[in-house]
Chemist: 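Before anything else, here's the structure in question.
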There are 4 protein chains.
Amino acid sequence: MSTVAFIGLGNMGGPMAANLLKAGMTVRVFDLVHTAMQTLAEQGALVSSTACGAAAGANVVITMLPAGKHVKNLYLGSGSEKGLLDVVASDTLLIDCSTIDAQSAQLVATQAAKNGLEFMDAPVSGGTSGAAAGTLTFICGGSDTAFERAQPVLNAMGKNIFHAGGPGAGQIAKICNNMLLSVLMVGTSEALQMGIDHGLDPKVLSNIMKVSSGGNWTLEKYNPCPGVMENVPSSKGYQGGFMVDLMVKDLGLSFEAALLSNSSTPMGALARSLYVSHARQGNGHRDFSSIFEQFAPLKK
Amino acid sequence: MSTVAFIGLGNMGGPMAANLLKAGMTVRVFDLVHTAMQTLAEQGALVSSTACGAAAGANVVITMLPAGKHVKNLYLGSGSEKGLLDVVASDTLLIDCSTIDAQSAQLVATQAAKNGLEFMDAPVSGGTSGAAAGTLTFICGGSDTAFERAQPVLNAMGKNIFHAGGPGAGQIAKICNNMLLSVLMVGTSEALQMGIDHGLDPKVLSNIMKVSSGGNWTLEKYNPCPGVMENVPSSKGYQGGFMVDLMVKDLGLSFEAALLSNSSTPMGALARSLYVSHARQGNGHRDFSSIFEQFAPLKK
Amino acid sequence: MSTVAFIGLGNMGGPMAANLLKAGMTVRVFDLVHTAMQTLAEQGALVSSTACGAAAGANVVITMLPAGKHVKNLYLGSGSEKGLLDVVASDTLLIDCSTIDAQSAQLVATQAAKNGLEFMDAPVSGGTSGAAAGTLTFICGGSDTAFERAQPVLNAMGKNIFHAGGPGAGQIAKICNNMLLSVLMVGTSEALQMGIDHGLDPKVLSNIMKVSSGGNWTLEKYNPCPGVMENVPSSKGYQGGFMVDLMVKDLGLSFEAALLSNSSTPMGALARSLYVSHARQGNGHRDFSSIFEQFAPLKK
Amino acid sequence: MSTVAFIGLGNMGGPMAANLLKAGMTVRVFDLVHTAMQTLAEQGALVSSTACGAAAGANVVITMLPAGKHVKNLYLGSGSEKGLLDVVASDTLLIDCSTIDAQSAQLVATQAAKNGLEFMDAPVSGGTSGAAAGTLTFICGGSDTAFERAQPVLNAMGKNIFHAGGPGAGQIAKICNNMLLSVLMVGTSEALQMGIDHGLDPKVLSNIMKVSSGGNWTLEKYNPCPGVMENVPSSKGYQGGFMVDLMVKDLGLSFEAALLSNSSTPMGALARSLYVSHARQGNGHRDFSSIFEQFAPLKK
């Protein structure tokens, strides 16, 4: 049975680590926030006083951090401080589940390879509810063997596990997907509102487009127009779900990626500007489907 | 058994009328192109020398014309020439399957109502292959009784029959859907190309996004990247399918609709400009998924 | 000395007619609003009880109306009602100063020509202050002789008088100009705000860009950032000036023009969507430079 | 009389250094390309075998390099290699004329300050012709004293010398200006083409808009429509001038800046995508006003 080190126990990492415990694995945890570790300790995790302490001797290390710089600092060390790559055993599998830029992921993977270690980027989608339910999607970038070895732990936390390609490919695939998602959300919002402006019932219009050539994930699972679907953020005042600020972060990653590859992304770039304006108007903490309100008629 | 008058026997109208014949209906046809009528005559249709001649005495009249002005002229007459509304029997059901602006549809519907007639707009999607196979989608705008009465004829030509609302609602719903479709196509194209630019395999990326939150009709049925799907236009040199010029026409209708309702449609408007530029570069007769080439790297 | 009929005495038309009186011309006025006529009567105008009454016998007719349909109805008549073309003398010069679509202008010009009359479209820019000061810009579409004949009356109301081309060209030129203006305003706003976001002083940045390759009319005359220039709307709470709703109207005309000519206008179309959203958020009656606020950081 | 070290003698740096010689200054030069140094030596410059050799003992150091990483490596050193900051005398004024990201400029400025040195970013505009003629524009970021001290050398190379603010402000101001320039160029191109599509003469339309509210630098100095102005790239097959690839680079810098400050730049982001597509279609080495061709009608 595996010993897994889990570093980063936020809204996503916490429930993910809990699912590893439920699957019977030995889990050592570390987070800068002490209460986050205590919650896991109550479920059976072993608390470590440092990240390197948690990782040393583990079979698998999983990290879940906010941004590329945190991932680089943790794995590579910084200044005189040692990094995870310096302390783990040579047969340890390293899996970073953070959503970060592909360059940082590739840098860590390259350095890991120099140390004879396997590193895989495996960003997730599915949100906090998916993390809790163990139904996350993992989009992996790394070698075939790394992907193979990661199956048991990823299966304990998720449902769909994709292999996008070599190092960094998981991040790129996730960035492409989320850029496209933002376009679907904005495009669907403006189409629905134009229908409403012409007197159509948004439920009827949604039902028609869902099974026609306008069909897309947002119509299927996440309709942005209040009252069309139950139990989605738009019907709960745009609370919960995936925050505008997080979409802005992901669209920032897609911007960076487009710069690096000199790609033309007119729709994605427009979606970013609209989401940034939306966030600046005070909607950063609301669900990202609230972009629908940017198209709504003036409330009387 | 119904007698149906079918006016407008182009690439779509011809096979639609043929399906009515196959269903055992009596079909009187009219088209300005004589050979188009002969083709139908060989399948059992009765040829009329005028549109009014075809319509007089029919139980149902179906029209399939290029633009709003043709529909208005045909139904309302022009100058001294009589229109269909002047010649049909009072219990005739009028169905216009053209894709036109909603205002024209509403104008004809209003005038028909004044004459005690029921008129329904019922634009189609599904292309020439759907017309031939009898698997078209009809998006209808009109009264409940008109929608009810139209079922037998529409079922003989199509598979999905939607009731979007009152007069004009069929056109609006189709315009909203096709505007959204153009956004899906452009957004999917730029996301796929950005992935390719970063070394991803477009098949792998497509498969991941298709079942993730980027999922949409174009990934499911109509991938714009050559080689990802078989039997779609992108794998056949962008031949066949739905022409760029037709998408430009539909996006023109969405522009007009947005003007009338003072709607903000940033994504749809951007898609229109990109498609117009694409058409101006000589791609008007290619399939609309060829917009993918606007993002492709310079061919060496 | 000329007798001029002036029809349409709104915020623009009223002061324009007053300037004709100041220049010593005989002016017959008509407006649906009686008080508007009285104001002019006090300045020496002759009040008519109908538009046709004002126009009959005048040497020059000037019209200033809200939209194309009003212009068409007034000149061509409607139903049994006579139009101006039916009542004016054969040597009357017809000048429409409304900002309308080019098609309507061309239709009236064609009909006027059939009646042996000269009609010229001459939309203005310069706003209510320019109308009062007699410093308007006129952009004319019509024959050389019409343009020549119009000089005395236009000079009495304006400063710059351009001949854009044949019938309708005045409208097209104005529509192109105002579409470009909207792009300058949005582009300048986002550039200024990005500078501010990085700590630059907007006055300093404006001064630099004004004389560099970013130089444009908005930096020169109409800076959208509060506090940079005195006596412009941005420094007066975005009051006065050119209303967002009027920019939305003009961008609607540019949309229509782009549709007719199948032109690609990505920047203009994006500006329209941003202005429509801005209007829908309750800013329709504020100055159009208030679009700057769409880019501002969240107010704490 | 000053001794100036000039490092980076490309298309811009070469003629700039030559102007310092013409002004009677002692100039030590370094470039990786030996022939570039020889050209300057023939005009009286002293050739150095290393950048540090040129800089040691100079009163002023001027650098003109392609990107931020080159600037950082040169000033800060890399690995065991010393940087300029390690070798120059404590009263040396450091001026970087490269167009790079503001972060790199600020990093060098901060490190220079730690060493008791003054560093100023001073990106230029005006192109190779301005460099040769000594009429460049400099946009400076640094302290008042640095700005003051730099006047003699900058005046020998340029005409307009702006002080945008503290360290990095010169880069930000230039980035904002060039982003706005790209918007002016695209917006003017689409407006002109829409006018042409409606039959207007682009010269007439340009003349009208130039003095109206659409007026901007591109209409004044750099009309993108062939035949409107003489001696601009559009009238010479879009040769010479400012390359599309360089505009793409500058728009990349504006993208990065917008990411850092979380700014919404819809027009600038759209211009970038259009320019990237244009470059990918094979236009990277043509003048940036060739974007006009993206709107042109299909050539028959």
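Protein chains get the first letters and strands the later ones, always in sequence-line order, with residue 1 at the start of each. Bear in mind the structure is a predicted one, so any value in this text is a computation, not a measurement.
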Chemist: Checking D:I196 against chain C: side chain, backbone, both or neither under 4.5 Å from a heavy atom?
Modeler: neither
Chemist: For D:A257, does its backbone N or O pair with a side-chain atom of D:S261 as donor and acceptor, under 3.5 Å?
Modeler: yes
Chemist: Pick from D:L184, D:V204, D:L205: which one has the most heavy-atom pairs with chain C under 4.5 Å?
Modeler: D:L184
Chemist: Is it true that atom NZ of C:K236 has more than 12 heavy atoms of other residues, nucleotides or ligands lying nearer than 6.0 Å?
Modeler: yes
Chemist: Are the side chain of C:D287 and the backbone of C:F242 linked by a donor-acceptor contact shorter than 3.5 Å?
Modeler: yes
Chemist: Which atoms of D:L274 come close to chain C, meaning under 4.5 Å heavy atom to heavy atom: side chain ones, backbone ones, both, or neither?
Modeler: side chain
Chemist: Heavy-atom count around C:Q103 CD within 6.0 Å, excluding the residue itself: above 12?
Modeler: no
Chemist: Evaluate the ring planes of C:Y222 and C:F288, with Trp represented by its six-membered ring, and classify them as parallel (under 30°), tilted (30 to 60°) or perpendicular (over 60°).
Modeler: tilted
Chemist: Taking all atoms of both residues into account, what is the closest heavy-atom pair of D:K72 and D:L107, and its distance?
Modeler: CD-CD2, 3.5 Å
Chemist: Within a 6.0 Å radius of atom CG on D:N155, are there more than 12 heavy atoms belonging to other residues, nucleotides or ligands?
Modeler: yes
Chemist: Would you mind telling me which of D:D201, D:V186, D:T137 has the largest number of heavy-atom pairs within less than 4.5 Å of chain C?
Modeler: D:V186
Chemist: Just so I understand: if I count every heavy-atom pair under 4.5 Å between each of C:G165, C:A169, C:G195, C:S212 and chain D, which residue has the most?
Modeler: C:S212
Chemist: Of the backbone (N, CA, C, O) and the side chain (C-beta and beyond), which part of C:L219 lies under 4.5 Å from a heavy atom of chain D, both, or neither?
Modeler: side chain
Chemist: So which of C:A271, C:P266, C:A173 has the largest heavy-atom pair count under 4.5 angstrom toward chain D?
Modeler: C:P266
Chemist: What residue, out of C:S213, C:G187, C:G166, C:A191, has the most heavy-atom pairs lying under 4.5 Å from chain D?
Modeler: C:S213
Chemist: With only heavy atoms counted, which part of D:S125 is less than 4.5 Å from chain C, the side chain, the backbone, both or neither?
Modeler: neither
Chemist: In terms of heavy-atom proximity below 4.5 Å to chain C, should D:N160 be classed as side chain, backbone, both, or neither?
Modeler: neither
Chemist: Please classify the contact of D:A102 with chain C as side chain, backbone, both or neither, using a heavy-atom distance under 4.5 Å.
Modeler: neither
Chemist: Relative to chain C, which of D:N207, D:V183, D:L260, D:L200 shows the most heavy atom pairs under 4.5 Å?
Modeler: D:L200
Chemist: For D:M179, is it the side chain, the backbone, both, or neither that has a heavy atom closer than 4.5 Å to a heavy atom of chain C?
Modeler: side chain
Chemist: Taking atom CD of D:Q239 as the centre, report whether more than 12 heavy atoms of other residues, nucleotides or ligands fall under 6.0 Å from it.
Modeler: yes
Chemist: Donor-acceptor check, side chain of C:S234 to backbone of C:N223, threshold 3.5 angstrom: yes or no?
Modeler: yes
Chemist: Let me know if D:S254 has heavy atoms under 4.5 Å from chain C in its side chain, its backbone, both or neither.
Modeler: both
